[in-house]
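Structure first, then comments.
Computed from a prediction, not measured in an experiment: that's the story for all the values here.
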Amino acid sequence: MNTTVEPTQRKTVVVVGHGMVGHRFVEALRSRDEAGRWQIVVLSEESQAAYDRVGLSSYVGAWDKSALALPGNEYAGDELVDLRLGVRADGIDRAARKVTTSSGDVIGYDALVLATGSYAFVPPVPGHDRPECFVYRTLEDLDGIRAAAENAGPGAVGVVVGGGLLGLEAANALRLMGMTPHVVEFAPRLMPVQVDEGGGAILEKLVTDLGLHVHTGVGTSAIEPAEDGAGLRVSLSDESVIDASLVVFSAGVRPRDQIARDAGLEIGPRGGALTDLGMVTSDPNIYAVGEVAAVEGTCYGLVAPGYTTAEIVADRLLGGAGEFPGADLSTKLKLLGVDVASFGDAHATTEGALSVVLHDAAKGTYAKLVISDDAKTLLGGILVGDASQYAALRPLVGSELPAEPAALISPAGAELGADALPDEAQICSCNNVSKGAIVGAIHEGACDIAGVKSCTSAGTSCGGCVPMIKKLLEQSGVEMSKALCEHFTQSRAELFEIVRVTGIRTFSELIAEHGTGIGCDICKPTVASILASTSSDHILDGEQSALQDTNDHFLANLQKNGTYSVVPRMPGGEVTPEQLIEIGQIAKDFGLYVKVTGGQRIDLFGARVEQLPQIWQRLVDKGMESGHAYGKSLRTVKSCVGSTWCRYGQQDSVGMAVLLEKRYRGLRSPHKLKLAVSGCARECAEARGKDVGVIATENGWNLYVGGNGGLTPKHAVLLAGDLDDETLIRYIDRYLMFYIRTADRLQRTAPWQESLEGGIEHLKQVVCEDSLGIAAELEESMARHVAGYKDEWAAVLEDPAKLSRFVTFVNAPEEADPTIAFDESGERKTPVLLGLPEMPGDGSLRNHEGHRAGRDGHSLPEMPAVPAATATLGK
């Protein structure tokens, strides 16, 4: 790099710490110091150059440290940056302006930048220093947790102390390592800083449904070795006990300010090197940035304000007068597929602030907007379960609302477009990039997400603003990429074709040859679905089992108290007396709650994980099989009794429903599929509310497609009429396979049809007229599925390796989970959630849930209030 300053005239700045903020400072100074006035020496105690600590959890599974490395973190070829890895700063001589390092070097400085960050706070719980206890802070921490988890074995219990942002990250990491995570949070709700009581209730319900065991309103009293010497006993303040294999502390962080204290710098009231708005400490030659900086007494634990402090110091060293403008503490994350976001004055602390809340317990979403007392200005908000509006709402904080507040968070309300935002609205809070700056970059030639990132730095940190950047690109007339996610540039349909043509059968091979990185919670389950759609391999075979969510992993629906429901298939609603008797006997023997579903099946609720194979065996022995109520696949083919019994029936609807259900059972698809067959136009089977609906006519069958129930119900539309049996099946084969090949992930048939250019007319041409010349290919694909189908329950029962998964405790496979309990005092058996604290106002947290949509389309009634109980948790 060309310089204009002689080496002897250069000044030296020593940077203590090489985390994300320290690296950002070096980048900022080098990009602006065109004259080469500063020589930079970076001291990094870690042996790893700066990496993405925000994305620490993505290290789990791939275990590839290089994938987290920040771009340019080694400064190759830059003679003005001296990076020293594995070297700690041991002391500062302020009078001599020198730093002594752990390697014995003494480095003189003209300016010193403290970027030491923070350390994980470990509460002084007796036993906190045991070797089975960890913190969740660095790559080395995760390596230690991984080794302990592997030693404990699959299904072992891991306890996370702390239910905030990092606590849920840590719990998710344990889950990905095959452990059973328990989260202990002293506050009465998860993520107490970011969400309120209502949002916390929804969040707890969602993560509990996904396999986490949550204990809120309790502290950790002691950590002791188990009586048998294997594992730990974690005692909680409510006198309950969790038997665990390891403990991870994630109870917050503290500024790593010891070197500042030792040097005699002034310290903030809650720790950290005290600075003014220019990031100058009590020594004018020493600056502090990131989490160790107490800016006018306040430490900020997010990357966005940390980056701002780094930019300010770079500006100051080059003669500028930058000052800290305040921090946007907005946060957005997705864990276990659950969206959580908060922004602005999320807790309505502003005087006179009003709140508008949409709490949809059935859908599992919570949205709150905080507005000014005149209902004109947005002050903040909270989104749980669905944070799709975060990118549009957060930049509006402090601005006039473009529509009624309720309309902005209602699914049926106004859609907030990018054009509603003023140019000064901040789109990227991490890097302080406005809408105007992004639009300007687009007009100057940034024609995609990568281009905008390169020109403005927007979207290069947490990524939460990327959806809004896409909207701004679209608004500017730029055609957007249909990439599945950041790891695959291809769409789902393109990946389907790659898998089909190449014969690739594993996610690792697919991402190695056609993607980048290690994958995410978007591409992994999508590829799992594609692999299942193109083969009859069992979904728990080999590597593919790790891609499945909890329901698919256990071939059953996880319920709110940790039990599972079993739904045997009843093609067309038919069931023999012997099968019906066996279902009743199973329910009686295992103490299950029985419900007839809306899809003409029987749902058995309350089975523990170790009971599942026993129940399946008895059902399989009676000729029954999995109803696939847990998968994105065919659920049911509903029918009326048709011409066999009904005096109005025109065709044998039951016979056709049985034929279709047996043909398409186990067919994996982008979303769940429901079919129905009605024996006449009276439509008793409600076929036009299904993805594929068949209605009998005097001359055969009418075929309807693209009907959906749910939040936005759609009537199916006529594809073809008066079809004979053979043509009807041929058309359904083609329709379903065309949908499976071309739909986006989690896209139901109704929006898929609407997204097709030409809509239903195009579908008619493809399915009925073979306009694309692929009809034979689609039929062959379906024929392979039909020929290769094997019941997933039966396959598990025949495979000891798969059967070994179905235990509550790997070290005591015969023991039942003591956290599972039921209330049988009323007319209906209901689950009891042990260990949950009572919530003010209604006596029970679960009463916040109301009616919840079940996995099979039916709904579970609201549970009665049950006092919090004390239990011994796990073993």
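Within the structure, side-chain hydrogen bond (donor to acceptor under 3.5 Å, both in side chains) pairs that include any residue of residues 59-68 comprise Tyr59-Asp143, Asp64-Ser66, Lys65-Asp143 (at least two apart or interchain). Within the structure, every pair that satisfies the side-chain hydrogen bond (donor to acceptor under 3.5 Å, both in side chains) test and touches residues 255-265, not counting sequence neighbours, is listed here: Glu45-Arg256, Asp257-Arg261, Gln258-Asp262. Listed by first then second residue, pairs satisfying ring pair (Phe, Tyr, Trp, His ring centres under 6.0 Å) with a partner in residues 251-285 number zero, not counting sequence neighbours.
In this structure the side chain of Val207 reaches within 4.5 angstrom of the side chain of Leu190, judged on heavy atoms. The closest side-chain heavy-atom distance from Leu246 to Val159 is not below 4.5 Å. In this structure, the side chains of Leu166 and Arg137 come closer than 4.5 Å at one or more pairs of heavy atoms. Taking the side chain as every heavy atom from C-beta outward, Val41 and Val15 never approach each other to under 4.5 Å. For the pair Val13/Val113, a side-chain contact is recorded, criterion being any heavy-atom separation below 4.5 Å from C-beta on. In this structure the side chain of Leu114 reaches within 4.5 angstrom of the side chain of Leu265, judged on heavy atoms. Asn285 places none of its side-chain heavy atoms less than 4.5 Å from the side chain of Asp110. Taking the side chain as every heavy atom from C-beta outward, Leu165 and Gln194 approach each other to under 4.5 Å.
With hydrogens and angles disregarded, a donor-acceptor distance shorter than 3.5 Å links the side chain of His18 to the backbone of Ala50. Between the side chain of Arg394 and the backbone N or O of Ile427, at least one donor-acceptor pair lies under 3.5 Å. Without hydrogens or angle criteria, Glu185 side chain to Ala187 main chain gives a donor-acceptor distance under 3.5 Å.
Just one residue in the list Leu396, Leu378, Leu379 forms a side chain to side chain contact (heavy atoms under 4.5 Å, CB included) with Phe343, and that residue is Leu378. Checked against Val16 for a side chain to side chain contact (heavy atoms under 4.5 Å, CB included), the options Ile92, Leu112, Thr101 give a single hit: Leu112.
Look at Arg189 and Asp196 and you find no salt bridge, because none of the NZ, NE, NH1 or NH2 atoms lies under 4.0 Å from a carboxylate O. Comment: Asp93 does not engage Lys98 in a salt bridge, judged by the lack of any side-chain N to carboxylate O separation of less than 4.0 angstrom.
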Audit row: Arg37, Asp33, salt bridge (charged side-chain N to carboxylate O under 4.0 Å, His left out) steps and yes/no: CA-CA 6 Å; Arg37 288 177 282 177; Asp33 186 15; 3.8 Å; yes
Can you list the steps and then say if Thr350 with Asp345 is a side chain to side chain donor-acceptor pair (under 3.5 Å)? CA-CA 7 Å; Thr350 303; Asp345 182 14; 2.7 Å; yes
Start with the C-alpha distance between Arg53 and Glu291, add both sets of side-chain angles, then the distance that settles salt bridge (charged side-chain N to carboxylate O under 4.0 Å, His left out), and finish with yes or no. CA-CA 13 Å; Arg53 204 181 301 275; Glu291 293 171 300; over 6 Å; no
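For His23 and Tyr75, the gap between ring centers is short of 6.0 Å.
Rounding to the nearest 0.5 angstrom, the gap separating the CZ atom in Arg316 from the CG atom in Leu318 is 12.5 Å. Distance check: Thr275 OG1 to Glu296 CD gives 7.5 Å after rounding to the nearest 0.5 Å. A distance of 15.0 Å separates OH of Tyr307 from CD1 of Ile312, quoted to the nearest 0.5 Å. Separating the CD1 atom in Ile511 from the SG atom in Cys523 is a distance of 5.0 Å, to the nearest 0.5 Å.
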